[in-house]
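Beneath this line is the structure, given in structure tokens, with notes to follow.
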Amino acid sequence: MSSLSVATVPFDLIASPGSNWTVPTGAPPATSQRVSVVATADSDIFVDPAGGVPPRVNAVTLLGSPPDGDFRLSARVGVGFRASFDAGCLLLWIDETHWAKLCLEYSPQGQAMIVSVVCRGVADDANAFVVDNNAPAWLRISRSGRAYAFHASLDGVEWSMIRYFHLDDPDHAVTVGFEAQSPLAEGCQVTFDEIAFAPTAPIDLRDGS
């Protein structure tokens, strides 16, 4: 597995085997640091709560171990949508049945949506809101004490809380980073830019900050 260094993230990020993550050479200032990848065909991270369908955990990822304590990781996400459920996501990962992701995802109705999934043995699946004109959106993961929060934004300034939840992690194994998926198609281009990391959580998870 190869590692990538992103100027605004203070820990190494490990690319999943066979993935093609890139950091542009001659990168712009750190506030605009960017990574991109092409999601592979027929790829996803999902454990269907109805059962009967084998779990899929074959999406490309770029993950690293955050420092202890509170943090927030955010990025603007752009996806070259081609088919339903193509997505670019921020991902918390412990193991194949304990993880959570916040996505900009293409719906069967042909709309970009903010979608969140939390897996504790099996996954749930929750749609938040539509992103007009399939535009990029800002996504953010925060850890606050023993809990995590997902936020999304249309401008990178005003944030809507999408989820507030807990994941059991007795061995402190959680990693955090980026994921790209294309469950029903031959792949899609996903770009994460304006990547930012801070060793603090928002003071108020519900006030839009």
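Treat the numbers as computed from the prediction; the structure is a model and nothing was measured.
Here the side chain of Thr8 pairs a donor or acceptor atom with the backbone of Ile195 at under 3.5 angstrom. For Asn20 (side chain) and Val37 (main-chain N/O), no donor-acceptor pair under 3.5 Å exists by modelled atom type. Without hydrogens or angle criteria, Glu179 side chain to Lys101 main chain gives no donor-acceptor distance under 3.5 Å. A donor-acceptor pair under 3.5 Å is formed between the side chain of Ser182 and the backbone N or O of Gly187. Asp132 places no side-chain N or O within 3.5 Å of a backbone atom of Ala135 that could act as its donor or acceptor partner. Here the side chain of His166 pairs a donor or acceptor atom with the backbone of Arg146 at under 3.5 angstrom. Formation of a donor-acceptor pair under 3.5 Å by the Arg140 side chain with backbone atoms of Arg72 is not found in this model. Although no hydrogens or angles enter the test, the distance criterion places no donor-acceptor pair under 3.5 Å between the side chain of Asp171 and the main chain of Ala173. Asp207 places a side-chain N or O within 3.5 Å of a backbone atom of Ser209 that can act as its donor or acceptor partner.
Between Ser36 and the options Thr22, Asp193, Thr191, a side-chain hydrogen bond (donor to acceptor under 3.5 Å, both in side chains) holds for only Thr22.
The aromatic rings of Phe178 and Trp21 are tilted relative to each other, their planes meeting at an angle between 30° and 60°.
When side chains are defined from C-beta on, Phe197 counts as touching Leu73, because their heavy atoms get closer than 4.5 Å. Looking at heavy atoms from C-beta onward, Pro108 lies in side-chain contact with Phe85 at the 4.5 angstrom threshold. Taking 4.5 Å as the limit, every side-chain heavy atom of Val174 sits out of range of all side-chain heavy atoms of Trp93. Contact annotation: the side chain of Tyr106 never approaches that of Cys188 to less than 4.5 Å [non-hydrogen atoms, C-beta and beyond]. At a threshold of 4.5 Å between non-hydrogen side-chain atoms, the residues Val77 and Trp138 do not count as touching. Using a 4.5 Å heavy-atom cutoff, the side chains of Ser84 and Ser107 are not in contact.
Listed by chain and number, the residues in a disulfide (SG to SG under 2.5 Å) with Cys89 are Cys103 (sequence neighbours excluded). With sequence neighbours left out, the salt bridge (Lys or Arg N to Asp or Glu O under 4.0 Å) criterion links Arg163 to Asp124.
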For this session: Determine, stepwise, if the pair Ser116 / Phe150 fulfils side-chain contact (heavy atoms from CB on, under 4.5 Å).
Result: CA-CA 8 Å; Ser116 64; Phe150 284 162; 3.9 Å; yes
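Identified under the side chain to side chain donor-acceptor pair (under 3.5 Å) test for residues 45-60, with sequence neighbours left out: none.
Judged by a 6.0 Å distance limit and a 45° cone about the ring axis, Arg120 is not positioned over the six-membered ring of Phe165.
Using a 4.0 Å cut-off between charged nitrogen and carboxylate oxygen, Arg143 and Asp70 do not count as a salt-bridge pair.
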